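Okay, so here's the structure we're looking at.
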Amino acid sequence: MKIGYPCLNRSIGCTPSRTFRLRSYSAERLAESVRQNLDCLARILQFNLAGGLLFFRMTSDLVPFASHPVCDFPWPDKFAAEFAAIGAFIQRNGMRISMHPDQFTLINSPDPAIFERSSAELAYHARVLDLLGLDLTAKMQIHAGGVYGDKKASLDRFCARFERLDVKIRRRLVVENDDRQYSLADCLAVSRRTGTPVLFDSFHHQLNSNGEDTAAALRLAAATWGKSDGLLMVDYSSQKKGERPGAHAESIDLRSFAGFIAAGGALDFDIMLEIKDKEKSALRARRFLAKISRI
DNA sequence: AGGTGTCAAGCGTCC
DNA sequence: GGACGCTTGACACCT
């Protein structure tokens, strides 16, 4: 069981997602941003190693505008050495990496242009993981997408479009249950048809499920991960008290977390903590898991 | 230096 | 048909 947090670290005073406005694009600006982002990413990974946090979600903003037509800068060549060094660090220390292309990445959109842009965005993410030299346990998670007034047709379109994606994308893509539209059961159906593993989001499952309890849900999702995919990935967060359902808590509630871990029984999986205070809660969760000998 | 409006990208909801 | 939330950080421009 590895534990981690997404994208940013609030303790070390750098950001791996420096960007700039599209209208101020230049190759120099892009190169400078990528250089600083990679430097910061390396620092975050060192911080994580020191704290025993071996799971990390890398930001999609590492290379700004990477899949945008404006980007004519050959960043994979220019930064090959930096990527390779970070990748070697990750592998040497037994770390695991995920990425989460954001809400604009929709492979089931009825609009072919949106599919093409999404495909380019996924290709960028896969390129980053490949440049790092990571094996196929490093995944990219997306949601099933929009419903567009016809859920069955939209799921069919997801599966058809999946087959059209480059193998470099397909082999790293996993589908995550969302909080409104596509539940765990929907994602499992996609998995049966495409072979793509299902990433289980426990918080989304609380808001949108077909009644499976946590133990059953974890086992169903875990069964979709093959040997080369690695352990099941789980997104975990908790409800912010007094806020609308779905709002992420400020810091981890260790009692709820303990209950979740207990529900998993002997099943092993890796946990991404989607909690606002990021590494602080991840460190607390790690200490808790160490205390109960799960790490 | 600090404050604020805005930012590549889409969907769904609400009016 | 348009505004807004999602979820949130960081830029860019303002004072």
Side-chain angles (χ1 to χ4, degrees), chain A residues 5-26 28-30 32-41 44 57-73 75 99-125 140-151 153-155 157-158 161 175-183 186 201 203-204 206-208 235-240 243-251 272-281:
Chain A
Y5 61 96
C7 305
L8 307 175
N9 179 300
R10 301 189 184 288
S11 304
I12 64 177
C14 69
T15 174
S17 31
R18 257 184 89 94
T19 182
F20 47 86
R21 295 290 179 255
L22 182 56
R23 68 171 183 274
S24 42
Y25 177 89
S26 72
E28 295 72 30
R29 188 89 190 251
L30 182 74
E32 180 58 16
S33 295
V34 174
R35 195 185 61 72
Q36 295 195 34
N37 287 343
L38 289 173
D39 282 352
C40 183
L41 173 63
I44 290 174
R57 181 188 299 163
M58 284 174 23
T59 175
S60 296
D61 297 333
L62 206 60
V63 183
F65 307 108
S67 72
H68 191 283
V70 76
C71 179
D72 56 357
F73 181 75
W75 57 269
M99 298 186 83
H100 194 339
D102 66 8
Q103 75 231 56
F104 316 107
T105 307
L106 293 158
I107 68 171
N108 80 337
S109 171
D111 181 346
I114 292 174
F115 170 68
E116 291 304 328
R117 285 197 289 273
S118 297
S119 177
E121 180 70 357
L122 288 167
Y124 150 62
H125 285 75
M140 321 186 287
Q141 60 193 91
I142 60 170
H143 297 292
V147 171
Y148 311 101
D150 185 340
K151 194 163 175 181
S154 295
L155 274 180
R157 196 165 49 249
F158 182 98
R161 291 274 184 69
V175 63
E176 173 190 354
N177 58 305
D178 69 70
D179 58 349
R180 309 172 72 86
Q181 290 153 165
Y182 293 102
S183 66
D186 295 324
D201 187 309
F203 193 33
H204 292 164
Q206 283 178 33
L207 300 163
N208 176 30
D235 281 358
Y236 179 90
S237 58
S238 41
Q239 174 66 40
K240 182 168 183 176
E243 290 280 323
R244 71 169 172 82
H248 287 194
E250 197 61 41
S251 68
M272 184 62 57
L273 289 177
E274 295 186 322
I275 312 267
K276 287 224 178 99
D277 68 2
K278 306 279 179 187
E279 75 283 353
K280 261 176 77 179
S281 284

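Naming: A, B, ... by sequence-line order, numbering from 1 per chain. If you're wondering where the values come from, they're calculated on a predicted model, not measured in any experiment. Because only heavy atoms are used, hydrogens play no part in the values below, and waters and symmetry mates are left out as well, while side chains stay in.
- Here the side chain of Arg18(A) pairs no donor or acceptor atom with the backbone of Ser33(A) at under 3.5 angstrom.
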I'd like a table of atom pairs between the protein and nucleotides 13-15 of chain B - only N or O on both sides, under 3.5 Å - with the distance next to each one.
none

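- Taking both residues in full, the closest heavy atoms of Ile107(A) and Arg161(A) are given as O-NH1, 2.7 Å, listed atom of the first, atom of the second, then distance.
- Under the 30°/60° scheme for interplanar angles, the aromatic rings of His204(A) and His143(A) are found to be tilted.
- Rounded to whole angstrom, the span from the CG atom of Asp150(A) across to the P atom of dC11(B) amounts to 15 Å.
- With both ends at atom C1', the span from dT6(B) to dA3(C) equals 16 Å, rounded to whole Å.
- Remark: ring of Phe104(A) stacked against base of dA9(B); centroid gap under 5.5 Å, plane tilt under 30°.
- Taking all atoms of both residues into account, the shortest heavy-atom contact from Leu106(A) to Gly146(A) is CD2-N, 4.0 Å.
- With hydrogens and angles disregarded, a donor-acceptor distance shorter than 3.5 Å links the side chain of Asp150(A) to the backbone of Ala153(A).
- Looking at residues two or more places apart in sequence or on another chain, you find a salt bridge (Lys or Arg N to Asp or Glu O under 4.0 Å) between Arg35(A) and Glu32(A), Asp39(A).
- The OH-P distance, from Tyr124(A) to dA9(B), rounds to 17 Å in whole Å.
- One atom, CZ of Arg117(A), and another, C1' of dA8(B), lie 9 Å apart when rounded to the nearest Å.
- Under the disulfide bond (SG atoms under 2.5 Å apart) criterion, Cys14(A) pairs with Cys40(A), not counting sequence neighbours.
- Stem analysis of DNA chain B (at least three stacked-register Watson-Crick or G-U pairs, each with both distances under 3.5 Å) gives B:1-7 with C:9-15, B:10-15 with C:1-6.
- Spacing between atom CZ of Arg157(A) and atom C1' of dC11(B) amounts to 13 Å, rounded to whole angstrom units.
- For the pair Arg29(A) CZ and dC11(C) P, the interatomic distance rounds to 8 Å; values are reported in whole Å.
- Under a 3.5 Å cut-off, the side chain of Glu279(A) and the backbone N or O of Arg10(A) do form a donor-acceptor pair.
- Heavy atoms only, all atoms of each residue included: Asp277(A) and Ser251(A) are closest at OD2-CB, 3.1 Å.
- In this view, Ser183(A) and Ala185(A), Asp186(A), Asn208(A), Asn210(A) satisfy the side-chain contact (heavy atoms from CB on, under 4.5 Å) rule, not counting sequence neighbours.
- Sorted by residue number, the members of residues 58-70 of chain A with any non-hydrogen atom under 4.0 Å from DNA chain B read Phe65(A), Ser67(A), His68(A).
- The backbone N or O of Asp201(A) lies less than 3.5 Å from a partner atom in the side chain of Asn177(A), making a donor-acceptor pair.
- One can place NE2 of His204(A) at 10 Å from C1' of dC6(C), the figure rounded to the nearest angstrom.
- Taking Ser109(A) as the reference, nothing meets the side-chain hydrogen bond (donor to acceptor under 3.5 Å, both in side chains) condition, with sequence neighbours excluded.
- Between Phe65(A) and Tyr25(A), the ring-plane angle classifies as perpendicular under the 30° and 60° cut-offs.
- If you take atom P in dG10(B) and the same atom in dG9(C), they sit 23 Å apart, rounded to whole Å.
- Considering only the side chain of Glu121(A), dA9(B) comes nearest among dA12(C), dT7(C), dA9(B).
- Between atom OH of residue Tyr236(A) and atom CG of residue Leu273(A) there is a gap of 8.0 Å, rounded to the nearest 0.5 Å.
- When each of Ser24(A) and Ile275(A) is assigned the nucleotide of DNA chain C bearing its nearest heavy atom, the one mapping closer to the 5' terminus is Ile275(A).
- Counting only residues at least two apart or on different chains, the side-chain hydrogen bond (donor to acceptor under 3.5 Å, both in side chains) pairs with a member in residues 57-69 of chain A are Arg57(A)-Asp235(A), Arg57(A)-Glu274(A), Ser60(A)-His125(A), Ser67(A)-Glu121(A).
- Against DNA chain C, the stretch residues 105-115 of chain A makes no heavy-atom approach under 4.0 Å.
- Between atom CD of residue Gln141(A) and atom CE of residue Met99(A) there is a gap of 10.5 Å, rounded to the nearest 0.5 Å.
- Within residues 6-23 of chain A, the residues having any heavy atom under 4.0 Å from DNA chain C are, by residue number, Leu8(A), Arg10(A), Thr15(A), Ser17(A), Arg18(A), Thr19(A), Phe20(A), Arg21(A), Arg23(A).
- When every heavy atom of Tyr182(A) is checked against every heavy atom of Val147(A), the shortest pair comes out as OH-CA, 3.6 Å.
- Contacts between residues 32-41 of chain A and DNA chain B, counted as heavy-atom distances below 4.0 Å, involve no residue at all.
- Comparing Lys278(A) and Gln103(A) by the nucleotide of DNA chain C whose heavy atom lies nearest to each, the residue mapping closer to the 5' end is Gln103(A).
- Taking the P atom of each, dT7(C) and dG5(B) are spaced 23 Å apart, rounded to whole Å.
- A straight line from CZ of Arg57(A) to P of dT8(C) spans 11 Å, rounded to a whole angstrom.
- Atom CD1 in Ile44(A) sits roughly 13 Å away from atom P in dG9(C) (whole-Å rounding).
- Without hydrogens or angle criteria, Lys278(A) side chain to Cys7(A) main chain gives no donor-acceptor distance under 3.5 Å.
- Applying the salt bridge (Lys or Arg N to Asp or Glu O under 4.0 Å) test to Lys276(A) and every residue at least two apart in sequence or in another chain returns nothing.
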